[in-house]
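If you're wondering where the values come from, they're calculated on a predicted model, not measured in any experiment.
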Amino acid sequence: MSNTDITYSFDVVKDLSDAELYQRLFECWGITNGKIEVWGELTTNAEGNWAGIKKSRMTSDSQYIEYPLVGKRDLQSGAFLSPLIAKGILGEDKSAMISCELSLASSSLRNKKNNPFLLAVKGETIERLVELPLIDKEDLLGSEGGTLLRETLYSLQLKLLKDDLEHEARLLAQSLDTKKLNINSEIKQLDESLNSHAEKLEQTRLKAESLQSRNLELESTNFAINRAVAEKQAELTSLLDQYKQTEIEMAKKIEKLKSYISEKAVFLKDFEFIDEDDFDSFIFEVTKSRGTEDMISFSGILDGDYKQAVSYIQAYLEKQHILYPRHIIENYLTLIRSNDLIILAGDSGSGKTSLVQSFAKAVGGVSKIIPVKPNWTSSEDLLGYYNPLEKKYLATPFLEALIEAQQNPEVPYFICLDEMNLARVEYYFADFLSKLEDRENTPEIQLYSDDESAHVLSELKAVVAIISGAREKYSQDGLVDFVKLMQDEAVNTEMKRAFGFSDKDSLIKYHGDIRRMLVGIISTPSTIKIPANVRIIGAINIDETTHYLSPKILDRAHIMKFKSPLLTDWDEIFAEIDTYDFDDVSKPLFMEVEELGERAPYPSFKRDDDFCQLFVELNKEFFSPLDVEFGMRTIRQGLNYLELFSELNSSHEQAINNFIIHKVLPKFTFDGNKQSGNFNKLDLLEKVLLPKLEELITEHESVSSEFSSVEGLRAIIENAKSNDGVVNYWA
């Protein structure tokens, strides 16, 4: 027989072993076979991140059971089950009646809930019910031991419904009593508040009398101020009229300047100093629009919903036979919107550059894969340099990609430095990364001195004047081809005289030199702003041929680590895509450049913010003792990431988990044998930080190991143990 009236205080049972806890439950609930077998309703929450069995009854007698713990008799609110297992059982249903066996939840979850008796569903014992169980046969016998009376399913359901209503009525009565006490307390507080307000009103009345006299003084002062304002407005109106007149005069000057440039551009084209495309760029304002006819509008069709955008991109890529779990696309899109440097880390063939290319295609953008060379040692290897002998700038593929992006401002450009760590990143990329740190203004890069372009233009101006003078002197207006002009002996001789050339010097060669210099100035400006439509991504492998990333790089970048695609659960990806409701996913998704994220200052650090408090605490207790750099910039980057990620996924825990993977674990490279306080560093990771993460990320057991910060830290610890205590995230 069960005795559901038995309860224990927390202090009595908190230190009991699991065997002792089971024994107490068996005694309270009259269990003799050593199994807690129940039946009830399996359900999940709306977000899909919790599942469990509610309104549990014993299969032996269909009686409700409660935890025998003072203040924690809440078993009916649900015993936890992995949402993935629940999804497999429910299918498309929202709930179902099941029978199953319960067992004690994990010790970390019991500690978190302050309930040593906390139970969870054993997934392998679940059976879906087609009819509800009958109550024990002893209750079905007549008083004289007559024939067994079997209740019909309908009558039993009525009985169970009555039990449910009685149980809910008891809970409602308890809730009403509590509310009554709260209301009485609030009434008392309100009385006290009213008395306080009465005193304040009297004080306010006295102040009002004082202010009334001051108002008279203010009225006279306001009159004087209004008169002064009227005078200033008159002055301002006069200044605006003068400005408008100046603006008109400036417009006329600009028109004259345009006319002059147009005239010279025609001359330069006629004499083959510039080609047709360069001519058009001088004369016309060339704007390149983005063709969106064969694309799906993010703001129109998907209503600007980033969760829907992730679903569409994943389904679109699957249509192209490219498979990525939803989590990777959520994470990557969030990082793209952050405008921070993204570094994709993993073995060769793990899908790093494929993600850059396929995502760019999915949003109608352009991907540029720039291979890094092992001999890169300075920013010149990345951006090129000005050659004073040739008087032109020698551009690199990276710079050409930036210039192309600048010429197509409506198209997203994803520039990937492939095998980024073949050379030391801090040697060739540090200056560029410093420019990217500017979140207030558009970063600008000085490629070469403005004086260099001024020298070229000065020399060109002299050449134009000499050619024009020679042509006019010998009345050769009909000759507009440079080669034909040079074939005229009189003109040729005059031009050599003007240039100071000898008979051995070649005007044709000089013409070619001028043309190359001019094309260099036109195609490569002395400064370039990093366009708003550009995202910089790095792809790295970690092996004996590559360099580790320095703390300066890690502090400013987000690390996404990849595993081999052969280890991916493809069935899970297909199952995710099957839940989406899209009629056609054959077209790319059109997203404006602004919808892919804008460069803006990071959110401010706030001491009362939960995230800020958490990482200040982690820094004090763990990162600083481990000699791991973790500063204010990183926390503000985290605030920005959390804000953007919330638009794609509502799980706050998942966002923190991702941030730890991006910004914390990659910095774990140190000697774990060194002492730090009462622990050596490796013990501090295993015995203190790991339990802290398990408590912080409560759903880590249901997260794939690839995307779990808890599993990532465990792997680091195990690798260190087999490597003489050397902690290395990248090993």
Using side-chain heavy atoms (C-beta onward) and a distance below 4.5 Å, is [X] in contact with [Y]?
X	Y	value
S311	Q314	no
L382	T396	no
P601	E440	yes
N728	N719	no
C416	K368	no
R535	I336	yes
L341	H558	no
Y548	I553	no

Just say parallel, tilted or perpendicular for the rings of F659 and F611, cut-offs at 30° and 60°.
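Correct class here is perpendicular.
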Please verify the inter-ring angle class for Y316 with Y312; under 30° counts as parallel, over 60° as perpendicular, anything in between as tilted.
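Parallel, since the angle between the ring planes stays under 30°.
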For the pair R714 and E711, evaluate salt bridge (charged side-chain N to carboxylate O under 4.0 Å, His left out) and give the outcome as yes or no after the intermediate values.
CA-CA 5 Å; R714 282 180 182 155; E711 292 301 322; 2.5 Å; yes
How far apart are the C-alpha atoms of S651 and N49, what are their side-chain angles, what is the distance that settles it, and do they pass the side chain to side chain donor-acceptor pair (under 3.5 Å) test?
CA-CA 8 Å; S651 174; N49 58 12; 5.4 Å; no
Under 3.5 Å: donor-acceptor pair, side chain of [X], backbone of [Y]:
X	Y	answer
D555	T634	no
R636	Y602	yes
S354	G351	no
N408	E404	yes
D418	I370	no
D381	S378	yes
E576	R326	yes
E595	E592	yes

Please report the C-alpha distance between N331 and M560 in whole Å, then the side-chain angles of each, then the deciding distance to 0.1 Å, and finally whether the side-chain contact (heavy atoms from CB on, under 4.5 Å) criterion is met.
CA-CA 9 Å; N331 202 6; M560 274 186 71; 4.0 Å; yes
Between the side chains of [X] and [Y], is a donor N or O closer than 3.5 angstrom to an acceptor N or O?
X	Y	result
S586	D584	yes
Q613	D609	no
S709	N657	yes

Show, in sequence, the C-alpha distance, side-chain angles and deciding distance for F432 and F398, and conclude whether the ring pair (Phe, Tyr, Trp, His ring centres under 6.0 Å) test is met.
CA-CA 12 Å; F432 189 83; F398 182 81; 5.2 Å; yes
Start with the C-alpha gap between N658 and H662, add the side-chain angles, then the distance that decides, and say whether side-chain contact (heavy atoms from CB on, under 4.5 Å) holds.
CA-CA 6 Å; N658 293 352; H662 296 167; 4.2 Å; yes
Is it the case that over 12 heavy atoms from other parts of the model lie below 6.0 angstrom from the [atom1] atom of [X]?
X	atom1	value
N678	CG	no
E444	CD	yes
D347	CG	no

Please determine if [X] forms a cation-pi arrangement with [Y], meaning its NZ or CZ atom is less than 6.0 Å from the six-membered ring centre and no more than 45° off the ring axis.
X	Y	result
R337	Y306	yes
K663	F615	no
K681	F670	yes

So among I313, T334, L648, which one has a side chain to side chain contact (heavy atoms under 4.5 Å, CB included) with I329?
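Between I329 and the candidates, side chain to side chain contact (heavy atoms under 4.5 Å, CB included) is satisfied uniquely by I313.
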Can you see which heavy atom on [X] is nearest to which on [Y], and at what distance?
X	Y	answer
G364	V411	O-CG1, 4.1 Å
Y324	I322	CE1-CG2, 3.5 Å
T353	A539	CG2-CB, 4.3 Å
A51	T44	CB-CG2, 3.5 Å

Charged N to carboxylate O under 4.0 angstrom, R556 versus E437?
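So R556 pairs with E437 through a salt bridge.
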Please step through salt bridge (charged side-chain N to carboxylate O under 4.0 Å, His left out) for the pair K692 and E621, ending with a clear verdict.
CA-CA 11 Å; K692 178 72 174 180; E621 295 183 6; 5.2 Å; no
I would like to know whether T546 and N541 meet side chain to side chain donor-acceptor pair (under 3.5 Å); could you show each step before the answer?
CA-CA 7 Å; T546 60; N541 300 330; over 6 Å; no
Stepwise, does the side chain to side chain donor-acceptor pair (under 3.5 Å) test hold for T698 with E653?
CA-CA 8 Å; T698 58; E653 272 192 17; 2.6 Å; yes
Hey, what do you get for CG (L433) to CG (L436), rounding to the nearest 0.5 Å?
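These two atoms lie 6.0 Å from each other.
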Walk me through whether N649 and Q654 qualify under side chain to side chain donor-acceptor pair (under 3.5 Å).
CA-CA 8 Å; N649 188 317; Q654 184 66 52; 5.7 Å; no
